[in-house]
Amino acid sequence: MDFSKLYRPSALNSFQYIALVGVVMSAGAQLVIHLLGQPEPKGYNWLYLCWAVLYVLGTLLNLFGKPNDGHHHHHH
């Protein structure tokens, strides 16, 4: 099993990438909200759960799904 698919940017699939970008964007927005002294929107933290679920699904697809390209790259 290729565990580098969990963290190596070139090995991430689109689901994992979207989830990671989503977490970064959500955290950035949350930081801005706090810096502006605004109350956090109700249920905002559910966003992180959604991103986590998306990442896990993407990881499972990445590890157990059929490779979408026939060649494999091995970088160490």
Side-chain angles (χ1 to χ4, degrees):
M1 194 174 290
D2 184 7
F3 284 109
S4 70
K5 288 181 178 178
L6 297 180
Y7 56 84
R8 207 176 68 228
S10 61
L12 296 178
N13 65 18
S14 54
F15 292 106
Q16 290 169 298
Y17 189 75
I18 290 166
L20 289 176
V21 171
V23 166
V24 170
M25 298 296 275
S26 299
Q30 203 170 20
L31 183 66
V32 169
I33 289 167
H34 284 292
L35 289 175
L36 294 174
Q38 299 296 313
E40 199 173 282
K42 195 168 188 231
Y44 194 89
N45 289 330
W46 285 104
L47 266 176
Y48 295 107
L49 181 66
C50 293
W51 295 129
V53 168
L54 187 64
Y55 185 80
V56 168
L57 290 175
T59 300
L60 293 175
L61 277 172
N62 209 349
L63 291 174
F64 301 109
K66 305 244 181 311
N68 45 13
D69 59 336
H71 54 278
H72 291 278
H73 303 284
H74 291 284
H75 302 292
H76 292 289

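Side chains included, hydrogens not; waters and symmetry mates left out as well; all remaining heavy atoms used.
Under a hydrophobic clustering in which Ile, Leu, Val, Met, Phe, Trp and Tyr are joined whenever their side-chain heavy atoms come within less than 4.5 Å, directly or via other members, Val53 and Leu63 fall into different clusters. Both Leu54 and Tyr44 are members of a single hydrophobic cluster when ILVMFWY side chains are connected at heavy-atom separations under 4.5 Å.
The minimum heavy-atom distance between Ile33 and Pro39, with the atom names listed, is CG2-O, 3.8 Å. A pairwise comparison of heavy atoms in Leu47 and Ser26 identifies CD1-OG, 3.8 Å as the closest pair. When all heavy atoms are compared, the tightest approach of Tyr55 to Leu12 is OH-CD2, 4.2 Å. In terms of heavy atoms, Leu61 sits closest to Phe15 at CD1-CE1, 3.5 Å.
A heavy-atom distance below 4.5 Å is found between the side chains of Trp51 and Ile18.
Cluster note: Leu36 groups with Val32 through ILVMFWY side-chain heavy atoms spaced under 4.5 Å, whether in direct contact or through intervening members.
Applying the 6.0 Å contact sphere to OH of Tyr17 captures no more than 12 heavy atoms from other residues, nucleotides or ligands.
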